Amino acid sequence: LENIPRKGPFLVVSNHNGGPILPDTWRMLTIWWSQFGTSRPGYAAVHDLAFRVPIVKTFLGKVGGVRASSENASKILEMDGPLVVYPGGTEDCFKSFWKRNKICFENRTGFIRLALEKGVPILPVVSTGGHEVYFTLFSSRKLARLTGLTRWARLKSCPVNLGLPWGIWMTGFLPYIPLPAKIKFQVGDLIHLDPPSSRAMNNGYVDACYRRVVDVMQGMLDELALERRWPVLG
């Protein structure tokens, strides 16, 4: 926790686990609130789909959730707020159990361009265990298209899961009983990118920064994964 800046804007970049019930995100928010209370609000970029559900939309707004967009992200950082982003989106969130310890950002570089444009550092945060609250047997882009999830929910991947109480089920939207997986986090050192915003338009430089961040985070995740002996039990 000593790596978390006490003032100024920064971008928290994290891997994503466990589907839309977000077992990792709630732990991150709880840790943040326990450290800073209401004196330093934190924000998280959330998929559009969540803001289509009336009660959920209101709740997310009260706890710091904002609709994921470059405009909203810029506003938060300009307000000196810390912002959590999950660049891997649904592909990372719904990846198979066998890929659970891989950083899967799908070459999305928008968070790099944002950090460069706003001149803010990146705080890498990784976690293990979130993908063990149930087991994703496989995840398919084709299945997402066939089921209409790509069209009406803008989800690029559809998982097939094994867990409680349904046994085997498709998509991440059914409420489930999570297995008592131990979730562990690691907060890395701040990554400072070259501040001139003009470099945000340099594709080669952006790709190099992206690779740097992913490599740092994969190394952190590998360390956490080595500490785990068994799924769920930790």
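By convention here, the first residue in the shown sequence is residue 1. Note that this is a predicted model, so its numbers are computed, not measured.
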So [Y] and [X], do their side chains get closer than 4.5 Å, heavy atoms only?
X: Leu190; Y: Pro5; answer: yes
X: Met28; Y: Val12; answer: yes
X: Leu179; Y: Phe135; answer: yes
X: Val13; Y: Pro87; answer: yes

task: Would you verify whether the NZ or CZ of Arg108 falls within 45 degrees of the ring axis of Phe105 while also being under 6.0 Å from that six-membered ring's centre?
output: no
Please determine whether a side-chain nitrogen of the Lys or Arg among [X] and [Y] lies less than 4.0 Å from a carboxylate oxygen of the Asp or Glu.
X: Asp207; Y: Arg211; result: no
X: Asp92; Y: Lys95; result: yes
X: Arg141; Y: Glu91; result: yes

Quick one: do the [X] and [Y] side chains pair a donor with an acceptor below 3.5 Å?
X: Asn203; Y: Arg113; value: yes
X: Ser157; Y: Ser139; value: yes
X: Ser127; Y: Asn17; value: yes

message: I'd like to know if the side chain of Trp166 reaches the main chain of Pro175, judged simply by a donor and an acceptor atom lying under 3.5 Å from each other, with no hydrogens or angles considered.
response: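 Indeed, once roles are kept as given, a pair shorter than 3.5 Å links the two residues.
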- prompt: Parallel, tilted or perpendicular: which describes the rings of Phe10 and Trp32, with under 30° parallel and over 60° perpendicular?
  reply: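 Taking Trp32 first and then Phe10, their aromatic rings sit tilted (interplane angle of 30° to 60°).
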